[in-house]
Structures are given as C-alpha cells and as structure tokens.
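Beneath this line is the structure, given in structure tokens, with notes to follow.
Values reported hereafter were calculated over all heavy atoms of this structure, with side chains retained and with hydrogens, waters and symmetry mates removed. Below, read A as the first sequence line, B as the second, and so on, with proteins coming before strands; counting in each chain starts at 1.
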Number of protein chains: 2
Amino acid sequence: MAEKNSAEKKFGTLPIAESNNVARLPLTSQVATTVRDMIVEDKLKPGERIRERQLASELNVSRTPLREALKILESEKLVEILPNRGAVVADPAPEDVRGMLQVIGALEALGGRHAAENATDEEIAEIRALHYEMLAAYSRKDRLTYFKLNQKIHGSIIAASRNAALMETHEQVNARVYRIRYRSNQRNTLWHEAVDQHEEIIAALETRNADRLSTLLSDHLGNTWAKVSADDYASGSGSSAEKLRSGDVGKET
Amino acid sequence: MAEKNSAEKKFGTLPIAESNNVARLPLTSQVATTVRDMIVEDKLKPGERIRERQLASELNVSRTPLREALKILESEKLVEILPNRGAVVADPAPEDVRGMLQVIGALEALGGRHAAENATDEEIAEIRALHYEMLAAYSRKDRLTYFKLNQKIHGSIIAASRNAALMETHEQVNARVYRIRYRSNQRNTLWHEAVDQHEEIIAALETRNADRLSTLLSDHLGNTWAKVSADDYASGSGSSAEKLRSGDVGKET
DNA sequence: GCCAACGATTTGGAATGCAATATTAGAGGG
DNA sequence: CCCTCTAATATTGCATTCCAAATCGTTGGC
C-alpha cells in the first residue's frame, strides 16, 4: 500500500455518475448497487473488511453515502456490521447456503404455481426463447452466459406470478447466494442434469401444470444445493479472504 | 404547530438510550428499531410523510442516524424513499398484502416441514404451552395478548426449522404485514376458526407429520388473507393518512 | 377569477469535522 | 522469549454544515 492520496485506485468512478441519463439516482443508491455488485461478483471477498474511508475515496464519494449504502447491504445480509468495528463482507457457512437455497426453492415453488396460472402466452414464449438461448450457451460451453440466462429464466418465472412481494423477496435471497452459485457454475461438472430439468420446467409452464411446475422448481433448487456443495465446498476453501469474524453477530430485535 | 424548539414533543427519548445495560447499541440501530415499531404499531400512518429534521429532533438524535435508519427501513419495505422528496410510510395495496401473505404461507410451509423433522421435544412442548396461553387469551377475549402469542407461535415453528435464512426472511416479510394483521385482529369477527386451525397445527407438529403441518400452515395463511381482506378493507379505509404517493417507486435494479 | 412565472422557504442530499472506540506498535518486566 | 501494559494511530459513530432540489406563497398577466 504505497500510495495514499490517489483517489481512484482499483475501482473507477460510479457507472451512472457520469452518464446522467436516468434522472441521476441518489448517490447512496448508486453506491449500494456498485458495492452490491462488487460483493456478488466476488470482487470483494467474503470475510473481507470494508474500510469506509478507503472504499469511499475509491468510489469518489464521501463516507456518508457509503455508510448509508452499507446499512442497506447489511439488511440484505450481504455485509455484516460489527458495532465500532466496521463492515465485513458476509461469509455464510455451507449450512446457511443450504437454507437459503431451500428458501429460494419454496419461493420458486410458489412462484411457479402462480406463474402457471397467471403468465401470459407472450411471457411463456419469452421464457421458452430464453431457454433456447441458454441451450445455445450450453452448446458453446459459454458458462457465464449460461449462468446469467439461467438466472433470468427463474426471475422471469417469478415475475410471471404477479406477486410483487415474492419478486422482491426472491431477488433478495437470490443475491445472497449469487456469488456462490456463480462460482459453482464455473466449475460444475454435472452440467447436463440442470439442462434436462429446465426442459421439463418449461414444458410444465407451457402446459400450465401448476402442481408439476411447483414441484419441479422446488426439486431443481434442491439439486442446486447438491451441485453447489459438491463443487464449491469440496474443492478447496470456498472463500479466499482470511476470516476476520468472531462469530455471527446477532440481529437487533 | 405552536412549539418549534421543544426537542421531545410526542415521542420520548429512545428506550435503550438511557438504560445502557446491553453494551449500548449504535444509535442507527436504536432509531431503526424505534421507527420500525412506530410504523408496525400504527403510530406512523401508512402514506404519512416522514420529515427528517422533525422526527430526528423528536428522537433527540441528529439527522445522520435517522437517515441511516430510514435506509434500513426502506430495504425492509416499511418506508418508501422518493428521491429528493423524502420518506413516506409504506402503504401496500390489498393485492400486495395478499401476495405477502402468500409468501409467508410458502415460508411457513417450508418451516413447518423442517420443524416437524428437526424440532426438539422441548421446543414442541414450549409451542404447545404457548398455544394454551393463547387459548387463555382467547377465552378472556384479550385480543392483544392473543395476537402476540399467535405471532410468537408461528415464529417458534419457523425457529424450530433450524434455517437461519428462513427465520430472517420470514421475520422481514412478517413485519410488512404486522400492522395490517394487528388491525384485523382487533376487529375480526370470525375468530374461532383460527383457533381450531391452530389446534390442528400443534397436533401435526407433535406427531411430526411434516406434510400435514406444511399444508396446514399454508392453508392457515390463505385463511388469514380471507380475514384480513374482509375485516380491514371492507370496513372503511384501511389507512388513516391521506395518500401522498404518486405511485410506487421502482427499485434500483 | 384562474393560471403561470417567480422568489422565499423548507426539505432532502452529501461533505466535513470532531469525539469516542478499537487497533496497533512499542517498551518494560517477568 | 513471551506477556502485559501503555501510548500512538487508525477507524468508526455521530453531529454539524453546506448545497441543491422541491415546495409553497405571491404576484402579475390573461
């Protein structure tokens, strides 16, 4: 750490800050999005400490919006704030991840049930299209595109359920496991299984078979856990940063 | 509005601020808890605008921790922050509430399934005890106690599932409908139905019948929607504050 | 009498400054 | 050589201050 005065070290300025096309969002929101992405894309490692001054100056903002953003990320459980000791990137234990995937499974089961009833034909056709795009990425072994399309398909099914709270909740829990699933996807060996399951899922949606879609989605997420636990945790340490935490901090009740 | 300089007008100082027994939590957390309670207990009305300077001085804090607290409550969807226009207490539409109850139903279904497997006999006995206490409150027509015990029972079942993310998610969605369920409980006429359902729920837990408990809980929440929609929305306007909102603000993707 | 433009005031957004707490480095003693 | 106590440093917590945007009241024109 030689330099100290250089404002922008490794991360540039905020993306939206310069291109003021969308009516300029509050700084806090921009910072929250930026830091959230940094966590979710594994640029900030689990367990890593976040120093406010440092990160704020890297993002060319003051500590105030960064602190507000950290509070948001804390309630999204992406960071943990230890009183008087600062923020660290969340580092869920395997059993926690398992629990999150179960929650996502339950949410998708609910979403699928209602999507089968409420989705428009156009929505279903679009999901089918995304599915084909995903197959293309699979064929090319383009794992990143595959992963993102996979996420988008599931999100679209949830969206088709027409339940705002479900969408929000799903998105939030999903963000918590995004990084882990992303890493798992990059090294996953049993890749074809998920593809087959997806075909069934789309079919159930097209035939508007609510019960079957619900079951398939729930099972699919259970299967995701199997893959994640095998890929991520079996092969070396999942996290790259040294653990700084002294144990989970309780919530404020 | 005659006075302007009196610091504490209608709300006293923060509860924990004076009794510094628990290692003094950060102000932001205290403020978040206080304001959350004010919203959830209907002291701040849905749609009501929150003026930062005013509320901050009423709570004897500066705007900084209040603003941080509002960001937390925003991501809990208890307030809505309109850029440059301040925060208003969330005022979900009936269909939103319905969606939230469906989500809670799905979460409790999952929680019940695992609680039936993982709960200790002590936990089950404690839940049974809470159930009897609730019956006592029912018999006395003590609606407030009944309501709180009801909430506690459901929370305990979730807790017995041993899934941290599930507990957190459940708690968060639950907070969003707490006020509405509370109001509904106060005027609910078909009260005995829920009591009968609870008896079945406890029985299913005691026999560790996971499938049945899961189904019962899901149905129970569906039933809750029936009551809430009948009690709260049919009888006069659910919210007491005038609407200030121009429509839901999008989230920041 | 109604509406639009303008200025004063209020309110939220963000940066800065100061106090309190935690962390680190170093000296001294065992 | 290790441990402990202490002083220096770094970091967070919170209040204050400054700035920009929105709101409100007023005036002037139609």
Side-chain angles (χ1 to χ4, degrees), chain A residues 1-5 7 13-14 16-18 20 22-35 48-74 79-89 242-246 249 252, chain B residues 1 4-5 7 13-14 16-18 20 22-35 48-74 79-89 242-246 249 252:
Chain A
M1 296 265 183
E3 79 269 276
K4 215 176 177 184
N5 300 341
T13 46
L14 299 174
I16 328 177
E18 311 176 338
N20 54 348
V22 284
R24 228 182 81 248
L25 288 153
L27 260 192
T28 298
S29 305
Q30 295 182 43
V31 172
T33 302
T34 302
V35 179
E48 181 176 345
R49 181 158 177 200
I50 295 176
R51 268 145 205 132
E52 295 180 1
R53 284 180 215 280
Q54 176 184 331
L55 184 53
S57 78
E58 283 169 2
L59 300 175
N60 291 107
V61 297
S62 76
R63 283 175 59 216
T64 307
L66 173 60
R67 280 179 59 83
E68 292 180 351
L70 288 175
K71 295 294 181 184
I72 294 171
L73 298 176
E74 181 193 25
V79 309
E80 210 173 333
I81 296 182
L82 315 170
N84 287 319
R85 317 235 262 103
V88 295
V89 178
E242 300 309 310
K243 303 292 187 303
L244 301 178
R245 295 159 53 207
S246 58
V249 71
E252 42 182 287
Chain B
M1 294 265 183
K4 213 176 176 184
N5 299 341
T13 46
L14 299 174
I16 327 176
E18 312 176 335
N20 55 348
V22 283
R24 226 182 80 248
L25 288 153
L27 259 193
T28 297
S29 304
Q30 294 183 44
V31 171
T33 302
T34 302
V35 179
E48 182 177 344
R49 181 158 176 199
I50 296 177
R51 270 152 211 126
E52 295 180 358
R53 289 175 218 274
Q54 176 184 330
L55 184 53
S57 78
E58 282 168 4
L59 300 176
N60 291 106
V61 297
S62 79
R63 284 174 61 213
T64 307
L66 173 60
R67 281 179 58 83
E68 290 181 352
L70 288 175
K71 295 294 182 185
I72 294 171
L73 298 177
E74 182 194 26
V79 309
E80 210 173 334
I81 297 182
L82 315 170
N84 286 318
R85 316 236 262 96
V88 295
V89 178
E242 302 308 311
K243 305 293 186 302
L244 301 179
R245 294 160 53 207
S246 58
V249 72
E252 43 185 284

Query raised in the report: Within a strict 4.5 Å, meaning less than it, do heavy atoms of the A/Glu68 and A/Thr64 side chains meet?
Result: yes
Requested in this report: Report yes if the side chains of B/Leu25 and B/Thr33 come closer than 4.5 Å at any heavy-atom pair, otherwise no.
Outcome: no
Query raised in the report: Among the nucleotides D/dA15, C/dA15, C/dG12, which one has an atom lying closest to any side-chain atom of B/Pro65?
Result: D/dA15
Report task. In whole angstrom, give the distance that lies between atom CD1 of B/Ile72 and atom P of D/dG13. Result -> 11 Å
Report task. Would you mind reporting whether B/Val35 and B/Leu59 have side-chain heavy atoms less than 4.5 Å apart? Result -> yes
**Report entry** Atom pair distance, as rounded to whole Å: CZ in B/Arg67 and P in C/dA15
**Finding:** 11 Å
Report summary line: Between CD of A/Glu74 and P of D/dT12 the distance, given in whole Å, is 14 Å
Report task. Kindly compute the distance separating OG (B/Ser57) from CZ (B/Arg51), expressed to the nearest 0.5 Å. Result -> 12.5 Å
Report task. Pick out which of A/Val79, A/Ile81, A/Ile50, A/Val31 makes a side-chain contact (heavy atoms from CB on, under 4.5 Å) with A/Leu73. Result -> A/Val79
Report summary line: So OG1 of B/Thr28 and NZ of B/Lys71: to nearest 0.5 Å the spacing works out to 13.0 Å
**Report entry** Gap between atoms CG and C1', on B/Leu27 and D/dT12 respectively (whole Å)
**Finding:** 13 Å
Query raised in the report: Given atom CG of B/Leu82 and atom C1' of C/dG13, what is their separation to the nearest angstrom?
Result: 14 Å
Query raised in the report: Rounded to the nearest 0.5 Å, how far does OG of B/Ser62 lie from CD of B/Glu52?
Result: 10.5 Å
Query raised in the report: D/dC14 P sits how many Å from B/Glu52 CD, rounded?
Result: 16 Å
Query raised in the report: Reckon B/Ile50 touches a base, only the sugar-phosphate, or nothing at all at heavy-atom distances under 4.0 Å?
Result: sugar-phosphate
**Report entry** Difference in axis direction between the ends of the helix from C/dG1-D/dC30 to C/dG30-D/dC1, five pairs, 10°
**Finding:** 10°
Report task. Ignoring backbone atoms, establish whether A/Thr28 has a side-chain N or O less than 4.0 Å from OP1 or OP2 of C/dG13. Result -> no
Query raised in the report: Within this structure, what is the CG-to-C1' distance between A/Asn60 and C/dA14, rounded to whole angstrom?
Result: 14 Å
Report task. Taking only the side-chain heavy atoms of B/Thr64 (C-beta and beyond), determine which of C/dT11, D/dT16, D/dT12 contains the nearest atom. Result -> D/dT16
**Report entry** Interatomic distance where CD belongs to B/Gln54 and C1' belongs to C/dT10 [whole Å]
**Finding:** 12 Å
Report task. Hey, could you give me the CD/CG distance between A/Gln54 and A/Leu66, rounded to the nearest 0.5 Å? Result -> 10.5 Å
Query raised in the report: So do A/Glu58 and A/Leu55 actually touch side chain to side chain, heavy atoms under 4.5 Å?
Result: yes
Pull out every protein N or O sitting under 3.5 Å from an N or O of nucleotides 17-24 of chain D, one pair per line with the distance.
residue: D/dT23; atom: OP1; partner: B/Arg85; partner atom: NH1; Å: 3.3

